[in-house]
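Here is how names work: the chains are called A, B, and so on, in the same order as the sequence lines, proteins then strands, and each is numbered from 1. Below, all heavy atoms of this structure are taken into account, side chains as well, without hydrogens, waters or symmetry copies.
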Amino acid sequence: MAKWLVKTEPSECSIDDFAQKPDASIPWDGVRNYQARNFLRQMAEGDQVFIYHASCKHIGIAGIVRVTKSAYPDPAQFDAESPYHDPKSTHEQPRWQAVDMQFVKKLPKLISLDRLKNMDGLEDLPLVRKGNRLSVMPVSEDEWQRILG
DNA sequence: GCCAACGTTGGC
DNA sequence: GCCAACGTTGGC
């Protein structure tokens, strides 16, 4: 079972939004980057995912969710009213995918970006590399355990 | 296919 | 709010 990390602005969707509806599957949509999309496509039901809070006061990994539905066409791409609308996308050949995710747990204490940067064994994690903007990335089992450890 | 211009991300 | 880094767009 693979492990992942996704970035989010907590003002948009935070770990608390998942925690408030622990039984609900929440769509993870709006990914509009090809590399991130390709990782979304690889997600399988049951995969665990770190929720990373970005562009906010307390930056870092805030909790864990799991994939409840693997990739399907992101409805927002067809919605002309949506900020995620993509006029070049068609139902026949949708460009963008979404997955559904469900709450697993909130970490007792947020793991800050600063701590992640100073942790051994995370050198290959795109998150801590300078200038990296990838919003969906794989996390190896070893990296996952080091982060939780 | 190149690359300059532009837009976005995201830490600080 | 600033700005470095990066991705995308579009003219040529």
*According to a strict under-4.0 Å criterion, is A:Lys117 in side-chain N/O contact with OP1 or OP2 of B:dC12?*
yes
*Phosphate-side-chain proximity, A:Lys130 and C:dA5, N/O vs OP1/OP2 below 4.0 Å*: yes
_Side-chain N or O of A:Tyr52 closer than 4.0 Å to phosphate OP1/OP2 of B:dT9_ = no
*asked:* For the residue pair A:Lys21 and A:Phe18, would you count it as a cation-pi contact if the rule is NZ or CZ under 6.0 angstrom from the ring centre and within 45 degrees of the ring axis?
replied: no
*A:Lys7 side-chain N/O to B:dG10 phosphate OP1/OP2 under 4.0 Å*: yes
*For atom CZ of A:Arg37 and atom P of C:dT8, their distance in whole Å*: 10 Å
*Residue mapping more 5' on DNA chain C - nearest nucleotide basis, A:Lys88 or A:Gln35*: A:Gln35
*asked:* Less than 4.0 angstrom from a charged side-chain N to a carboxylate O is my criterion; do A:Asp16 and A:Lys106 meet it?
replied: yes
*Quickly work out the A:Glu12 CD to B:dT9 C1' distance and round it to whole Å.*
13 Å
*Gap between atoms CG and P, on A:Asn132 and C:dA4 respectively (whole Å)*: 18 Å
*Please figure out whether A:Gly131 or A:Arg95 has its closest DNA chain C nucleotide nearer the 5' end.*
A:Gly131
*Output yes when A:Arg32 and A:Asp74 qualify as a salt bridge under the 4.0 Å nitrogen-oxygen rule, no when they do not.*
yes
*Separation of A:Ile59 atom CD1 from B:dG10 atom P, in whole Å?*
11 Å
*Please state how far atom NZ in A:Lys57 lies from atom C1' in B:dG11, giving the value in whole angstrom units.*
16 Å
_Could you tell me how far apart A:Leu127 (CG) and B:dG10 (C1') are, to the nearest whole angstrom?_
11 Å
*Let me know the distance between CG of A:Asn33 and P of B:dG10, rounded to the nearest Å.*
9 Å
*asked:* Determine whether A:Phe50 and A:Trp144 satisfy the following criterion, ring pair (Phe, Tyr, Trp, His ring centres under 6.0 Å), listing intermediate values before the conclusion.
replied: CA-CA 9 Å; A:Phe50 281 135; A:Trp144 184 274; 3.8 Å; yes
_Distance in angstrom units between A:Tyr84 OH and B:dT9 P, rounded_ = 8 Å
*Check against ring pair (Phe, Tyr, Trp, His ring centres under 6.0 Å), A:His91 and A:Phe78*: CA-CA 8 Å; A:His91 283 85; A:Phe78 307 122; 3.8 Å; yes
